[in-house]
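One structure below.
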Amino acid sequence: MNLFEELKWRGLVFDASSEAAEALAKEKITAYIGFDPTAASLHVGSLLQIMNLVRLQQYGHTPIALVGGGTGMIGDPSGKSEERNLLSTEQLAINLAGIRAQLGKWLDFNAPGNPAQLVDNAEWLGQLTMMDFLRQVGKHFSVSQMLNRESVKRRIESEEGISYTEFSYMLLQSYDFVMLFDRYNCTFQLGGSDQWGNILSGMDLVRRLRGGRAHGVVVPLVTTASGVKFGKTEAGTVWLDPALTSPYRFYQFWINTEDRDVINYLKYFTMLDQPAIGELETAMTADPGKREAQKRLAEEVTRFVHGEAELQKTMAATRVLFGGEIAGMSAGEVADIFSDVPSTRLPRAGFAGEGMQLSELLAATGLVPSKGEARRLLAGGGVSLNNVKVSDAKATATESTAIEGKFLVLRKGARAYHLVELVDE
């Protein structure tokens with residue numbers, strides 16, 4: 001199987017230029033994917049293209065990750081309903097540094113024969129004068145053709161419209177292809193389906209200016225089966241930076257994938273082969289309640305992005321919600337795991353010395369209606385403190401009991417949790 005066939009069975013070919021399949025089958029090519037530095041971290045929406053760079057390298061091709069230090073100052077109108085705020089030079093530098101560091105985790109820059117490249121298009125766009133741009137690039141573009149591009153048409157028809165700044169983005173991206181062709185013998189570009197017009201323009205400019213053959217493949221834009229934009233949750237964007245989205249939250253995002261989406265996501269976002277994914281699909285059909293496909297998806301993607309150690313910590317944290325051991329967890333991890341459960345903040349002073357009777361604490365948090373009911377529950381073994389069952393009706397909770405002196409985790413029955421935070425008055 002060659003790379004084009006690999007992309008095809010994974011459902012990752014939305015459109016392709018006429019000779020793209022042949023080039024990937026018969027040649028060792030250099031290909032690039034662009035990353036827009038709108039933030040200091042990439043997000044799960046970028047993950048599909050990262051996986052495609054990794055696949056390129058695994059099949060012996062040379063991948064180039066192009067970060068838009070130049071085009072990032074303009075903003076790509078594709079898929080956008082309104083003008084972006086222009087980034088400051090300082091913020092752009094921060095964003096570029098963050099993205100470079102992340103991409104370095106997944107690409108092999110020392111691979112013998114096909115080392116990955118990380119390139120910033122500010123290297124050439126920053127040197128390009130307006131007169132050079134108009135003479136070398138602008139003269140090859142028809143305004144009528146540009147107006148017919150879907151991303152431009154949609155914006156022109158909107159109330160917001162499109163500025164000349166964003167209108168020129170297509171020309172700058174096309175010039176990127178020419179510069180990569182010159183410097184790296186790059187003849188291939190991959191991207192999302194919203195980039196198809198820009199990729200075609202770049203291919204055409206390579207032909208006009210250099211007489212070269214260039215190719216392109218675009219993958220489908222990922223949405224959920226219910227039509228929601230992939231990667232968007234009630235809590236916001238799911239980032240690849242663990243400081244912005246914790247590995248635990250990241251894992252939970254994937255494990256909560258709907259049955260209708262999970263097989264496609266296994267194809268898109270993991271390196272699992274056809275037989276492995278086929279087995280998971282069979283298992284899901286036989287017993288969807290076990291959610292084996294979702295568990296494997298969450299494990300594979302979390303391992304890829306955050307590493308094995310973080311995956312193991314995340315899985316341990318997930319087990320906590322089902323009564324697993326809390327001992328050894330940090331206060332930050334506990335706060336993350338139980339961020340969605342009811343919580344109460346109580347003065348730390350009330351837990352000094354002999355502490356507060358657990359029956360009183362249960363009633364104070366509203367987890368049980370009264371201290372009498374709390375004592376009955378305790379006597380019957382229906383209460384856990386920090387996931388350790390307590391059966392003494394006179395048991396107390398102290399500051400030393402709290403995780404790092406900060407959190408107490410109460411549980412009634414199997415899954416009714418309440419988080420108590422000890423605070424200084």
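Small disclaimer: the values here were computed from a predicted structure and weren't measured.
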* ring-ring contact (aromatic ring centres under 6.0 Å, His included) partner of His215, the single match among Phe4, Phe177, Phe188 ->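 Answer after filtering Phe4, Phe177, Phe188: Phe188.
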* Have a look at Phe269 and tell me which of Trp254, Phe304, Phe250 forms a ring-ring contact (aromatic ring centres under 6.0 Å, His included) with it. =>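 Testing each of Trp254, Phe304, Phe250 against Phe269, the sole residue satisfying ring-ring contact (aromatic ring centres under 6.0 Å, His included) is Trp254.
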Any luck finding a side-chain donor-acceptor pair between [X] and [Y] under 3.5 Å?
{"X": "Gln117", "Y": "Tyr184", "result": "no"}
{"X": "Thr314", "Y": "Gln252", "result": "no"}
{"X": "Thr398", "Y": "Thr401", "result": "yes"}
{"X": "Gln195", "Y": "Gln173", "result": "yes"}
{"X": "Asn121", "Y": "Thr71", "result": "yes"}
{"X": "Arg249", "Y": "Ser339", "result": "yes"}

With a sphere of 6.0 Å drawn around [atom1] of [X], does it hold more than 12 non-hydrogen atoms of other residues, nucleotides or ligands?
{"X": "Lys389", "atom1": "NZ", "value": "no"}
{"X": "Arg345", "atom1": "CZ", "value": "no"}
{"X": "Lys290", "atom1": "NZ", "value": "no"}
{"X": "Glu325", "atom1": "CD", "value": "no"}
{"X": "Lys371", "atom1": "NZ", "value": "no"}

Looking only at atom types and distance, does a side-chain atom of [X] sit under 3.5 Å from a main-chain N or O of [Y], one as donor and one as acceptor?
{"X": "Ser17", "Y": "Gly216", "value": "yes"}
{"X": "Asp241", "Y": "Ser41", "value": "no"}
{"X": "Asp261", "Y": "Thr224", "value": "no"}
{"X": "Asp273", "Y": "Ala276", "value": "yes"}
{"X": "Arg411", "Y": "Gly413", "value": "yes"}

* Asked: What orientation do Tyr265 and Tyr268 show, parallel under 30°, tilted 30 to 60°, or perpendicular over 60°?
  ->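 The rings of Tyr265 and Tyr268 sit tilted, inter-plane angle from 30° to 60°.
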* What about Phe14 and Trp196, are their ring centers closer than 6.0 Å? -> no
* Asked: Looking at the rings of Phe230 and Phe253, which for Trp means the six-membered one, are their centres under 6.0 Å apart?
  -> yes
* **Shortest non-hydrogen contact between Pro247 and Pro242, atoms and distance** =>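 Residues Pro247 and Pro242, closest heavy atoms: CD-CB, 3.9 Å.
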* To do: Not counting sequence neighbours, list each pair that qualifies as a salt bridge (Lys or Arg N to Asp or Glu O under 4.0 Å) and has a residue in residues 376-387.
  => Glu373-Arg376
* **Name of the residue among Val301, Thr318, Val305 meeting side-chain contact (heavy atoms from CB on, under 4.5 Å) with Tyr251** => Thr318
* **ring pair (Phe, Tyr, Trp, His ring centres under 6.0 Å) pairs, two or more places apart, involving residues 385-414** =>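 Listed once each, the pairs would be none.
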* Asked: Using 4.0 Å as the upper bound for N to carboxylate O, is an ion pair formed by Glu308 and Arg303?
  -> yes
* Asked: Does Glu157 come within less than 4.0 Å of Lys153, counting only side-chain N to carboxylate O?
  -> no
